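To keep things clear, I will list the structure first and then write my remarks on it.
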Amino acid sequence: MKISLNPNAVPAQKREALIAEGGFGKYYTDHMVVCDWSESEGWSEPELIPYGPITLDPATAVFHYGQEIFEGMKAYRQPDGSVALFRPEANARRFANSAKRLALPEMPEELFLETVHALVKQDIAWVPNQVGESLYIRPFMIATEVGLGVRPSNKAKYILIATPAGAYFDPSKPVSVWISTEYVRAAQGGTGEAKCGGNYAASLIAQKAAAAQGCDQVVWIDAKERKWVEEMGGMNLYFVKGTGSDARVVTPKLTGTLLPGITRDSILTAAQDLGYKTEEVMISVDDWRDGIASGEITEIFACGTAAVISPVGQAKSAMGTWVTGDGKPGAITMQIRNHMLAIQHGNTADTHLWMKPVK
Ligand SMILES: *Cc1c(COP(=O)(O)O)cnc(C)c1O
C-alpha cells in the first residue's frame, strides 16, 4: 500500500469535539483509500491518501448509468482500548457478490480487507470510546470508463472512507412503518440482493410516501404476489412470536429479492445462543396483522449495521393500522440488542470469532 499522510489532519482536540457531537456521516476521518481497476491492468496498488474531493470527467459512466456498489461495516472500541471489526470477511464477500451483479470487477477479499485494516489503523483515533458508538466504514466502487456508450465499464475506482457514528438509539421511540403497496424495492432477477446505490435511488419516493403518512420508514413487500414482507428501508426485519424462553425469533426468508444482511445472519445465531428457536420463513402482511390481533406476535424489530437493532411499533398500510407492544422496546428485542453490542464491544465471549482485531 502506498501511503501519503494528510498534512492537515484534524488536531486532536477538534477531533474529540467532532466525535463527541455524535450523529452520523457528518465528519470523515483524515484519510481515505483509493484503488483503481482496469480491464487491461487489473487492480492497482491501493493508496492511502488525505480525505478529499475527487475529480471525474462529466462523461464518466457512473454518472449516467448508475453502475455503483457499496458496503457498510463498523469498527468498535474494545475494553483494552484496541479496536476490532465486526465480521469484515462477510462484507468482503458480499462486496464481491454485489460487484458481480453490477458487472463491476470482483475485488479480491484479501485486498478489500487490507484496505479496511489500513484505514482504520491509520485513523484509529477517530474510533469513539462509548458502548453503542463506532467507526462506520463505507467502501464503494464506481464505474469510471469515460463515454456514454452503454456497456460494462472497463475501468472502476474503489474508495474507502470512514465516519464516526454516535449512539443514536432512543429506546423510548419505536419506529413506525408504512407498508408500501404502491412501490416495490426489488423483483426476482433484479438487483435486490446486491448492495447498490440504484436500489436506494428507486426507494426514496416510497420513503417520502411513508413520511407523508406520518411514518418513519417504509416496509417493502414482494413485487409479484404483493403480500410477502421483505424488508424495512435499508434494514432486515424480525418478528418475535410468543414470550419468555418459548419465544420464537422469526425473519423473512431470503428469496433472492432481500438484501442478505450480516446483522440479520448474526442475529439468527445470537438468538439461538440465547436459547431461542429461530425460523426463516415467508411472512405475509396478513400474518403480521393477524399475529398482532391474536397476540402471537409480541415484538418486531429491524436490524442492520448502522443501528444494529431498532424496535418497530406501529405499522400502517392501506389495509389498516396495527400496533405491536406498548410503545416500549420488547424484552427479547433488548436482550438480543444488548448481546450483539456486548459481542461487538468485547464485553462478552466472542464464541463465533466474529471480531477481528485491527492490526
Ligand atoms: C445494508 C442493508 C441491510 C442490512 O445489512 P447489514 O449487513 O446488516 O448492514 C438490509 N437491507 C438493505 C436494503 C441494505 O442495503
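Computed over heavy atoms, backbone and side chain alike; hydrogens, waters and symmetry mates excluded. In this text the structure is predicted, and so the values were computed from the model without any measurement. Ligands are counted one by one from 1 in listed order, and the atoms in each one are counted from 1 as well.
- When side chains are defined from C-beta on, Leu5 counts as touching His31, because their heavy atoms get closer than 4.5 Å.
- Residue Tyr200 approaches ligand 1 through these ligand atoms, each under 4.0 Å from one of its heavy atoms: 12 (C), 13 (C), 14 (C), 15 (O).
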Chi angles and distances behind the ring-ring contact (aromatic ring centres under 6.0 Å, His included) call for Tyr27, Tyr51: CA-CA 11 Å; Tyr27 307 109; Tyr51 182 93; over 10 Å; no
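- Of all the heavy atoms of Met235, the ones lying under 4.0 Å from any atom of ligand 1 belong exclusively to the backbone.
- Note on ring orientation: taking the six-membered ring where Trp is involved, the planes of Trp43 and Tyr158 are perpendicular (angle over 60°, cut-offs 30° and 60°).
- For the side-chain contact (heavy atoms from CB on, under 4.5 Å) with Ile300, the qualifying choice from Thr333, Val250, Ile292 is Ile292, the only one to do so.
- Counting heavy atoms from C-beta outward, Glu230 and Thr255 have side chains that approach closer than 4.5 Å.
- Using a non-hydrogen distance threshold of 4.0 Å, Gly72 does not register as a contact of ligand 1.
- Among all non-hydrogen protein atoms, the one lying nearest atom 3 (C) of ligand 1 is Gly234 O, 3.2 Å.
- Among the atoms of Arg185, none of the N or O lies under 3.5 angstrom from an N or O of ligand 1.
- Protein heavy atom at the shortest distance from atom 14 (C) of ligand 1 is Lys195 NZ, 3.0 Å.
- Ring pair Phe86/Tyr76 is perpendicular by interplanar angle, where above 60° counts as perpendicular and below 30° as parallel.
- Here's the thing with Thr305: one of its N/O atoms is less than 3.5 angstrom from an N/O atom of ligand 1.
- Taking every non-hydrogen atom of Arg94 and a distance limit under 4.0 Å, the qualifying atoms of ligand 1 come out as 5 (O), 6 (P), 7 (O).
- Each of the following atoms of ligand 1 lies closer than 4.0 Å to a heavy atom of Gly261: 5 (O), 6 (P), 7 (O), 8 (O).
- In this structure, the protein non-hydrogen atom closest to atom 8 (O) of ligand 1 is Thr263 OG1, 2.6 Å.
- Inclusion of Leu259 in the set of residues having an N or O under 3.5 Å from an N or O of ligand 1 is not warranted.
- Among protein heavy atoms, the minimum distance from atom 11 (N) of ligand 1 is reached at Glu231 OE1, 2.5 Å.
- Checked options Phe140, Phe95, Tyr200; the residue passing with Phe70 is Tyr200 (criterion: ring-ring contact (aromatic ring centres under 6.0 Å, His included)).
- In summary, the side chains of Glu280 and Thr251 do not present any donor paired with an acceptor at a separation below 3.5 Å, with no hydrogens or angles considered.
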